[in-house]
Amino acid sequence: MLTDVTEIINKQGPIISVEDSSFIEIYSVWNKHLWPGRVSKIEITSCVQFGGGFNLEYLQRPAWFWKIMVDNKLAGVNSGFLTEPKSFRSRGLYVFPEYRRLGFGRQLLLETILKAKSLGCNHFWSMPRKSVLPTYESVGLSRCGDFFCKGVEFGPNCFAELIL
């Protein structure tokens, strides 16, 4: 009987879930994988403004964190926070190499967009690296301007936005 149940479970495929997470939980992913050797301190949020410039008030804003799990193994992470009353930034999207090209980055971004909508935002933005811009475009974000390396440690990046 146990063999039959195991066969049924195995035929169902992996169990995939997007779950709430915390800064403490995803900090090590950011530190070791997304931004290895980063010089600047990794904060809960970022003070970068959409289109350029800085707003130190952003560092005091609450943030939300998500993880995607595959068979109870961490596959990727993301976070988001309000930058303005109706504007929400996605930050820190990372999917481990063995889970890439399976739509997990897209799932994490969609969860982040849902949070922005639930907060009444009409603007959603990020600063994706050039290599992952297609993932952001797959959920509706559009690149704004040229790619840049100045002012970022892990570029080239660009600004990308979605009007909600």
Side-chain angles (χ1 to χ4, degrees), residues 16-23 25-27 29-31 33-36 38 40 42-70 74-164:
I16 301 167
S17 62
V18 177
E19 304 171 9
D20 290 340
S21 187
S22 68
F23 178 67
E25 188 172 25
I26 70 172
Y27 174 85
V29 174
W30 286 353
N31 190 46
H33 303 284
L34 182 61
W35 300 309
R38 182 172 163 156
S40 61
I42 297 173
E43 302 277 359
I44 292 173
T45 61
S46 167
C47 60
V48 175
Q49 291 180 299
F50 179 72
F54 301 96
N55 185 336
L56 294 177
E57 291 179 14
Y58 293 176
L59 297 176
Q60 305 304 315
R61 306 275 167 88
W64 292 265
F65 301 90
W66 299 274
K67 62 185 176 183
I68 191 161
M69 305 293 291
V70 178
L74 183 62
V77 299
N78 197 31
S79 78
F81 62 98
L82 283 166
T83 54
E84 300 298 332
K86 298 284 185 183
S87 186
F88 198 86
R89 179 180 175 189
S90 171
R91 175 176 176 255
L93 178 66
Y94 183 82
V95 175
F96 286 96
E98 61 269 30
Y99 296 107
R100 291 182 185 161
R101 303 209 179 275
L102 299 173
F104 296 155
R106 178 179 162 76
Q107 283 184 269
L108 285 162
L109 285 171
L110 289 171
E111 188 71 23
T112 312
I113 290 168
L114 283 174
K115 183 62 177 181
K117 287 180 176 180
S118 78
L119 295 171
C121 294
N122 57 23
H123 184 243
F124 183 87
W125 69 280
S126 193
M127 268 179 43
R129 292 183 192 170
K130 187 175 189 177
S131 61
V132 296
L133 180 61
T135 301
Y136 288 79
E137 291 173 330
S138 78
V139 297
L141 277 82
S142 299
R143 188 176 94 192
C144 303
D146 296 327
F147 286 97
F148 54 90
C149 291
K150 186 177 181 180
V152 294
E153 293 181 57
F154 298 92
N157 295 77
C158 68
F159 287 100
E161 70 178 338
L162 171 65
I163 304 304
L164 302 175

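Here the straight-line distance linking atom CG of L109 with atom CG of L114 works out to 11.0 Å at 0.5 Å rounding. Atom CZ of F81 is separated from atom CD of Q60 by 12.0 Å, given to the nearest 0.5 angstrom. Atom-to-atom distance recorded for K67:NZ and L74:CG is 7.0 Å, nearest 0.5 angstrom. Taken from CD1 in I113 to SG in C121, the straight-line distance is 11.5 Å, to the nearest 0.5 Å. Put simply, CH2 on W66 and CD on E19 are 13.5 Å apart, with the number rounded to the nearest 0.5 Å. Rounding to the nearest 0.5 angstrom, the gap separating the CG atom in L119 from the NZ atom in K86 is 9.5 Å.
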- Message: Could you walk me through whether Y136 and E161 satisfy the side chain to side chain donor-acceptor pair (under 3.5 Å) test, starting with their C-alpha distance in whole Å, then the side-chain angles of each, then the deciding distance to 0.1 Å, before giving a yes or no?
- Response: CA-CA 9 Å; Y136 288 79; E161 70 178 338; over 6 Å; no
- Message: Quick one, F124 with S90, criterion side-chain contact (heavy atoms from CB on, under 4.5 Å). Give me CA distance, side-chain angles, the key distance, then yes/no.
- Response: CA-CA 7 Å; F124 183 87; S90 171; 3.5 Å; yes
- Item | Steps toward side-chain contact (heavy atoms from CB on, under 4.5 Å) verdict (C158, L133) | CA-CA 8 Å; C158 68; L133 180 61; 4.1 Å; yes
- Task: Just do the side-chain contact (heavy atoms from CB on, under 4.5 Å) check on I163 and H123 with the steps written out, would you?
- Result: CA-CA 5 Å; I163 304 304; H123 184 243; 3.7 Å; yes
- Determine, stepwise, if the pair Y94 / I26 fulfils side-chain contact (heavy atoms from CB on, under 4.5 Å). CA-CA 10 Å; Y94 183 82; I26 70 172; over 6 Å; no
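Residues meeting the side-chain hydrogen bond (donor to acceptor under 3.5 Å, both in side chains) test with R61, sequence neighbours left out: none. The salt bridge (Lys or Arg N to Asp or Glu O under 4.0 Å) test applied to E153 returns no partner, not counting sequence neighbours.
The local environment of CD in E43 is crowded, with over 12 non-hydrogen atoms from other residues, nucleotides or ligands closer than 6.0 Å.
Within the 4.5 Å cutoff, no side-chain heavy atoms of Y99 are placed close to those of I68. At least one side-chain heavy atom of Y58 sits less than 4.5 Å from a side-chain heavy atom of E84. F96 is listed as a side-chain neighbour of V29, based on a closest heavy-atom distance under 4.5 Å. You'll find the side chain of V132 stays beyond 4.5 Å of the side chain of R100, heavy atoms only.
Contact record, L82 with P85: CD2-O, 3.9 Å, taken as the closest heavy-atom pair. In this structure, F23 and I42 approach most closely via the heavy-atom pair CZ-O, 3.7 Å. Heavy-atom minimum distance, T135 versus G105: CG2-C, 3.8 Å. The two residues A75 and V70 make their nearest non-hydrogen contact at CB-CG2, 3.8 Å. Closest non-hydrogen pair, L108 versus V95, comes out as CD1-CG2, 4.4 Å. Minimum heavy-atom separation, F159 to G52: CZ-N, 3.4 Å.
Checking each of D20, I44, T112 against F65 for a side-chain contact (heavy atoms from CB on, under 4.5 Å) leaves exactly one that passes, namely I44.
Between W64 and F88, the ring-plane angle classifies as tilted under the 30° and 60° cut-offs.
Panel note: side chain T83, backbone R89; no donor-acceptor pair is recorded below 3.5 Å. At distances below 3.5 Å, at least one donor-acceptor pair connects side-chain atoms of W30 with backbone N or O atoms of G92. Remark: the backbone N or O of M127 is paired with a side-chain donor or acceptor of N157 at under 3.5 angstrom. The backbone N or O of R91 sits less than 3.5 Å from a side-chain atom of S79, completing a donor-acceptor pair. Using a distance-only test at 3.5 Å, with no hydrogens or angles considered, a donor-acceptor pair links the side chain of R143 to the main chain of G145.
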